Number of protein chains: 2
Amino acid sequence: MRVRLEDVAKAAGVSPKTVSRVLNNEENVRGPTREKVLAAMAAMDYRPHLSARSLASNRSYLVATLYDNPSSNYLTEIQTGVLDACDEHHYSMMVRPLLAESPDFVERVDALILHHRPDGFVLTPPITEHPQLLAHLKQRGVPYASVSPVQHEAVIGAFIDEPQAAREMVGHLLSLGHRRIAHVIGHPAHGASGWRLAGYRDALAAAGLPYDPALVVEGDFSFGSGVAAARTLFSLTDRPTAVFAANDDMAAGVIWAAGEHGLAVPRDVSVCGFDDTPISRQIWPTLTTIRQPSREMGRIAALQLLASLRGRGEGHMVQLPFALQVRESTAPVS
Amino acid sequence: MRVRLEDVAKAAGVSPKTVSRVLNNEENVRGPTREKVLAAMAAMDYRPHLSARSLASNRSYLVATLYDNPSSNYLTEIQTGVLDACDEHHYSMMVRPLLAESPDFVERVDALILHHRPDGFVLTPPITEHPQLLAHLKQRGVPYASVSPVQHEAVIGAFIDEPQAAREMVGHLLSLGHRRIAHVIGHPAHGASGWRLAGYRDALAAAGLPYDPALVVEGDFSFGSGVAAARTLFSLTDRPTAVFAANDDMAAGVIWAAGEHGLAVPRDVSVCGFDDTPISRQIWPTLTTIRQPSREMGRIAALQLLASLRGRGEGHMVQLPFALQVRESTAPVS
DNA sequence: ATGAAAGCGCTAACAA
DNA sequence: TTGTTAGCGCTTTCAT
């Protein structure tokens, strides 16, 4: 038979409510009493019944993570971080893949709210930028945290200074003597694409270099779009000597296309990415990129959400550090 | 205020218990009565309260999907399929990344069981092959379904005929005139690695070709291991004219390494993979591979689990079809 | 085929 | 600081 809160109460010689107080870290329990209860819980290996708690307290102890891009390493990392935070606080996490483009997007999320009653959401890009969804969540009164949202104000979550990271990446290329530096833009629905582009432009401007639209090509974060973009760039009469792709997959595509054009990386052209996903270490040459603490971002965002759920302070938007990873795909201009 | 079962009962002019019967598809409700109740539910947009159901019925309506490899497309696909099935039956799904190697692996799963009380598990490779876990689940009485397990007997789930798929893939290479066909083995902990190797050997034997150990190299399903394996293979005096890698990531690595060695694919060497993951369409040349209905496998496995949970029959091990996808990375031997 | 009563394990509101 | 009582919304058991 399973151990119930009542059994713990009997064993500890207190009332059920006192055990409940200890369980929920409430105040108004004296040290010794708390100790007694905790000891009894441990001795009996007591595990609270989630559904009973949930029914009585009208909270689900559930956090739902919403994502759109179903197979990106980056999102899997974030998921893991969110899970870390939930585990720490005995919350459960559910994930929900969604198509942000689909017409019944908000409806689906609403069905999820009605059915599972999550206490809060963690939103990942690009769902962080969906105005109707955000409005709906506010209307329903369901709190949420965002990972890398475009808007930082009035939102809790975690982010890195993406424009600054992009500036440092371009700065690295400049320091190697590159002057014709191309950029492959990411998926237009992602805020990160705009930021990375902005950082690229800033860095050029700061170095007194002109912005050449011919050197800036659109992609969509996929390997294939990197290949396509690079084919365009490498066909230019005045080829770039360096390519900054807005993520690693596209950078890998650029390196692939360089091979097609008989260009050696980094001898003939330097290539760099963003995100430090596994592919950056698997390809050859290994990729110079920006390390983003994705898992930690998921964890911190979730922790902020949980803090706000439990009324412990407000919950904040937390800035995390990034790191430039210099590897073998970038070299001095020849 | 939210609509409760009692409200529906009042609106339909029946007792709460009758509504409950309709909700749970129980018998002993006459057609007209059922209709009335269903109409009331729909009109009021009634959604049962998960925790209340769970508390009263001692079931969680929760399926937990366990996985080890945290960032593979294949597993994300399976996850999505499991989610499809759970949605269809108003179950929720939680995912749990685990390290099968870690010493407290079973302990962690047990903590999950105690805390969340899932009604069942869906296991994905290689966790399908963990004897201690399987023993523990049986002891705890928690049912599970397996996707692509090595053992098909006495287990419910879904699989494809992997040896046959590998045989067809090698058959394709043979039909193009290849005779020196290499194989890059997958991760040793995965049952699929053994099956695909077996299919490779069978096909060679059936064609009357000798098995040459020098042409069989170990990998671990990663891009990098494909690169490493190919470097070995392409350094042989008597190079293979075709390489069958046990998954797409490794095949992409092989193509990459071919470039390093100045070999054009498919002109100088044919390469093929397995799984038909997105990368197979993103690289150039596009990859000949085996399409495996991963999402459907997840869905079917979960459906079998749910069927057995609800006592509707036994739950079976279902075989699903695969398909050889011939693309541009394989060509007649030159 | 349908209904009434009891209770799942916990917490909220109130009392002491 | 601690305990008592009543219920959360549903399903169970047992009637009818």
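Please read these numbers as outputs of a predicted model, since none were measured by experiment. Protein chains get the first letters and strands the later ones, always in sequence-line order, with residue 1 at the start of each.
- Distances from the side chain of B/Ala52 to the nucleotides C/dG9, D/dG9, C/dG3 place D/dG9 closest.
- Between A/Val37 and A/Val8, the shortest heavy-atom distance links the atoms O-CG1, 4.2 Å.
- Residue B/Pro48 is classed as a sugar-phosphate contact, given heavy-atom separations below 4.0 Å to backbone atoms only.
- Of the side-chain N and O atoms in B/Ser20, none sit less than 4.0 angstrom from OP1 or OP2 of D/dC10.
- Taking atom CZ of residue A/Arg34 and atom C1' of nucleotide D/dT2, one finds them 13 Å apart after rounding to whole Å.
- Residues A/Asn24 and A/Arg53 have side chains in contact (heavy-atom distance under 4.5 Å, counting atoms from C-beta outward).
- Picking from D/dC10, D/dT2, C/dA4 the nucleotide with the shortest atom distance to the side chain of B/Ser15 gives C/dA4.
- Across the protein-nucleic acid pair, B/Lys10 atom NZ and C/dT2 atom P stand 20 Å apart, rounded to whole Å.
- Looking at heavy-atom distances under 4.0 Å, B/Tyr46 makes contact with sugar-phosphate atoms alone, never a base.
- When the side-chain nitrogen and oxygen atoms of A/Arg4 are compared with OP1 and OP2 of C/dC10, none of them lie within a distance under 4.0 Å.
- B/His49 places its NE2 atom 17 Å from the P atom of D/dG7, with the value rounded to the nearest Å.
- In this entry the distance linking NZ of A/Lys36 with P of D/dT1 reads 15 Å, nearest Å.
- Minimum atom distance to the side chain of A/Leu5 is reached by C/dC10, of the listed C/dC10, C/dA13, D/dT11.
- For the pair A/Met93 and B/Met94, the tightest heavy-atom approach, listed with the atom from each and the gap, is O-CB, 3.8 Å.
- Protein atom CZ of B/Arg59 is 9 Å distant from nucleotide atom P of D/dT11, rounded to whole Å.
- B/Ser51 comes within 4.0 angstrom of no nucleic acid atom, judged by non-hydrogen atoms across all strands.
- Between A/Tyr74 and A/Val147 the shortest side-chain heavy-atom distance falls below 4.5 Å.
- Taking atom CD of A/Glu26 as the reference point, atom C1' of D/dG3 lies 14 Å away to the nearest angstrom.
- Contact annotation: B/Ser54 side-chain N/O to D/dC10 OP1/OP2 distance is not under 4.0 Å.
- In this structure, the nucleotide among C/dG9, C/dA12, D/dT12 sitting nearest to the side chain of B/Ser57 is D/dT12.
- Judged by distance alone, with hydrogens and angles left aside, A/Arg21 brings a side-chain donor or acceptor within reach of the base of D/dG3, the pair sitting under 3.5 Å.
- Distance NE2 (A/His115) to P (D/dG9): 16 Å, rounded to an integer number of Å.
- The side chain of A/Ala56 lies closest to C/dC10, out of C/dG3, C/dC10, D/dT2.
- Salt-bridge check for B/Asp7 with B/Arg4: passed, with a basic side-chain N closer than 4.0 Å to an acidic carboxylate O.
- For C/dT11, the OP1/OP2 oxygens have a side-chain nitrogen or oxygen of A/Arg53 closer than 4.0 Å.
- The main-chain N or O of A/His316 is found under 3.5 Å from a side-chain atom of A/Gln304 such that the two form a donor-acceptor pair.
- Residue B/Asn58 places no side-chain N or O under 4.0 Å from the OP1 or OP2 atom of D/dT11.
- Which of C/dA4, C/dC10, D/dG3 sits closest to the side chain of A/Thr18 comes down to D/dG3.
- With the nearest nucleotide of DNA chain C identified for both B/Val29 and A/Tyr61, B/Val29 has the one nearer the 5' end.
- With DNA chain C read from its 5' end, the first of the two nearest nucleotides for A/Arg47 and B/Arg30 is the one closest to B/Arg30.
- Between B/Met317 and B/Ser146, the shortest heavy-atom distance links the atoms CE-O, 4.3 Å.
- The base of C/dA12 sits with one of its N or O atoms less than 3.5 Å from a complementary donor or acceptor on the side chain of A/Lys17.
- Side-chain proximity of B/Leu55 to the nucleotides C/dG9, D/dT2, D/dT11 is greatest for C/dG9.
- Computed from coordinates, the A/Asn24 CG to D/dT2 P distance equals 16 Å when rounded to whole Å.
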